[in-house]
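The structure under discussion appears below in the form of structure tokens.
Chain naming here is simple, since letters A, B, ... match the order of the sequence lines and numbering starts at 1 in each.
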There are 2 protein chains.
Amino acid sequence: MKLIGTKWKPLVLFHLLEGPIRSGKLQNKIPDISNKMFTQTVRELEKDNLINRKVFPVVPPKVEYELTEKGKSLESILKSLDTWGKEMSAF
Amino acid sequence: MKLIGTKWKPLVLFHLLEGPIRSGKLQNKIPDISNKMFTQTVRELEKDNLINRKVFPVVPPKVEYELTEKGKSLESILKSLDTWGKEMSAF
DNA sequence: TGCCTATATAACTTTTAGGTAACTTATTGT
DNA sequence: ACAATAAGTTACCTAAAAGTTATATAGGCA
């Protein structure tokens with residue numbers, strides 16, 4: 001499972017720390033991600049067992065993503081990365 | 001500075017946590033890295049001010065790498081990542 | 001004379017990540 | 001009829017990351 005070495009995975013996970021969220025909303029939180037990369041990223045995270053995908057059988061579609069326990073175990077790392085990145089961009 | 005999104009940077013930094021080390025030794029700790037990627041990676045880390053490069057003017061060449069203070073500030077993140085990776089590969 | 005050393009670079013190729021744009025789906029409301 | 005909706009897929013293309021192979025260096029020593 002490559003977490004590092006990918007551009008989007010950590011970012012998606014980071015936003016999921018806030019709790020379950022609809023697909024579109026999550027995507028909006030990451031303005032620069034393309035539609036394709038978003039889907040691809042969440043699919044991989046699902047395979048990695050870091051997130052769950054909940055599909056509601058309605059029209060138009062409704063899909064929610066949320067962290068699994070395994071995903072939640074990344075919380076401190078993700079937050080540290082975020083903090084570190086912000087501190088360093090001050091330089 | 002892209003730490004995330006690169007394959008080798010975190011690994012190189014992780015090995016430097018043990019202290020200053022000669023170029024060749026460091027490279028040996030990462031068996032799968034190609035000669036080119038090793039050089040390229042340390043050069044970028046140097047530009048990022050995460051590591052220092054010390055050149056000894058001898059023949060054959062002797063070069064040492066060590067973390068800067070900024071590099072050392074990554075310690076807890078790097079160690080967490082390492083620990084997490086090991087725990088998870090148990091699955 | 002010519003080989004060995006450790007570190008690095010250059011030229012080139014392959015692989016993978018990522019982006020774009022068009023299309024699908026099924027139901028509701030007009 | 002048909003437009004709008006949210007989520008996703010597909011085919012295609014480009015750019016960036018990484019790998020491979022060959023070469024340079026300069027002094028010590030057989």
Under-3.5 Å N/O pairs linking protein and nucleotides 11-14 of chain C:
none

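- Whole-Å rounding puts the A:Asn35 CG to C:dT20 P distance at 11 Å.
- Taking CG of A:Asn49 as the start and CG of A:Leu67 as the end, the distance is 12.0 Å to the nearest 0.5 Å.
- In this structure, B:Gln40 places its CD atom 12 Å from C1' of C:dA10, rounding to the nearest Å.
- Between chain B and DNA chain D, the heavy-atom contact criterion of under 4.0 Å yields a 5' to 3' nucleotide range of D:dA17 to D:dG27.
- Residues that satisfy the side-chain hydrogen bond (donor to acceptor under 3.5 Å, both in side chains) test with B:Ser34, not counting sequence neighbours, are absent from this structure.
- Sorted by first and then second residue, the salt bridge (charged side-chain N to carboxylate O under 4.0 Å, His left out) pairs with a member in residues 52-61 of chain A form an empty list; sequence neighbours excluded.
- Shown for residues 54-62 of chain A: residues whose heavy atoms fall under 4.0 angstrom of DNA chain C, namely A:Val59.
- In terms of phosphate contacts, B:Tyr65 brings no side-chain nitrogen or oxygen within less than 4.0 Å of OP1 or OP2 of C:dT7.
- Straight-line distance from the CG atom of A:Asp32 to the P atom of C:dG18: 13 Å, rounded to whole Å.
- Nucleotides of DNA chain C nearest to B:Val42 and A:Gly5 differ in position, and the one nearer the 5' end is that of B:Val42.
- If you measure from atom CZ of A:Phe38 to atom P of C:dG18, you get 15 Å, rounded to the nearest angstrom.
- Every side-chain hydrogen bond (donor to acceptor under 3.5 Å, both in side chains) that A:Glu75 has, sequence neighbours left out, goes to A:Lys79.
- Among the protein residues, B:Ser23 comes within range of the sugar-phosphate backbone only, with heavy atoms under 4.0 Å from sugar or phosphate atoms but none that close to a base.
- Annotation: of the two residues near DNA chain C, A:Lys7 and B:Arg22, the 5′-most nearest-nucleotide partner is B:Arg22.
- Residues from residues 11-20 of chain A lying near DNA chain C, meaning a heavy-atom separation below 4.0 Å, are absent.
- Atoms CG (B:Leu26) and P (C:dT7) sit 10 Å apart, rounded to a whole Å.
- Contacts of A:Lys72 classified as salt bridge (Lys or Arg N to Asp or Glu O under 4.0 Å), with partners at least two apart in sequence or in another chain: A:Glu69.
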Which atom pairs, donor and acceptor, lie under 3.5 Å between side-chain atoms of residues 35-47 of chain B and protein residues at least two apart or in another chain?
residue, atom, partner, partner atom, Å
B:Asn35, ND2, B:Gln27, OE1, 3.2
B:Thr39, OG1, B:Asn35, O, 3.3
B:Thr41, OG1, B:Met37, O, 2.6

Considering only distance and modelled atom types, tabulate donor-acceptor pairs under 3.5 Å from the side chains of residues 3-24 of chain B, sequence neighbours left out.
residue, atom, partner, partner atom, Å
B:Thr6, OG1, B:Leu3, O, 2.9
B:Lys9, NZ, B:Lys2, O, 3.1
B:Lys9, NZ, B:Asp48, OD2, 3.2
B:Glu18, OE1, B:Lys29, NZ, 3.2
B:Arg22, NH2, B:Pro61, O, 3.3

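- One distance of note links NZ of A:Lys70 with CD1 of A:Ile51; it measures 12.5 Å at 0.5 Å rounding.
- Separating the NZ atom of B:Lys2 from the C1' atom of C:dG18 is a distance of 12 Å, rounded to the nearest angstrom.
- Grouping Ile, Leu, Val, Met, Phe, Trp and Tyr residues whose side-chain heavy atoms lie under 4.5 Å apart, directly or via other members, places B:Val58 in a hydrophobic cluster with B:Phe56.
- If you measure from atom CE of A:Met37 to atom P of C:dT16, you get 14 Å, rounded to the nearest angstrom.
- Across its full length, the helix from C:dT1-D:dA30 to C:dT30-D:dA1 shows an angle of 30° between the axes of its 5 terminal pairs at either end, rounded to 10 degrees.
- Between A:Leu78 atom CG and A:Thr83 atom OG1 the span is 10.5 Å, to the nearest 0.5 Å.
- Contact annotation: B:Arg43 side-chain N/O to C:dT9 OP1/OP2 distance is under 4.0 Å.
- Between A:Leu50 atom CG and A:Thr68 atom OG1 the span is 5.5 Å, to the nearest 0.5 Å.
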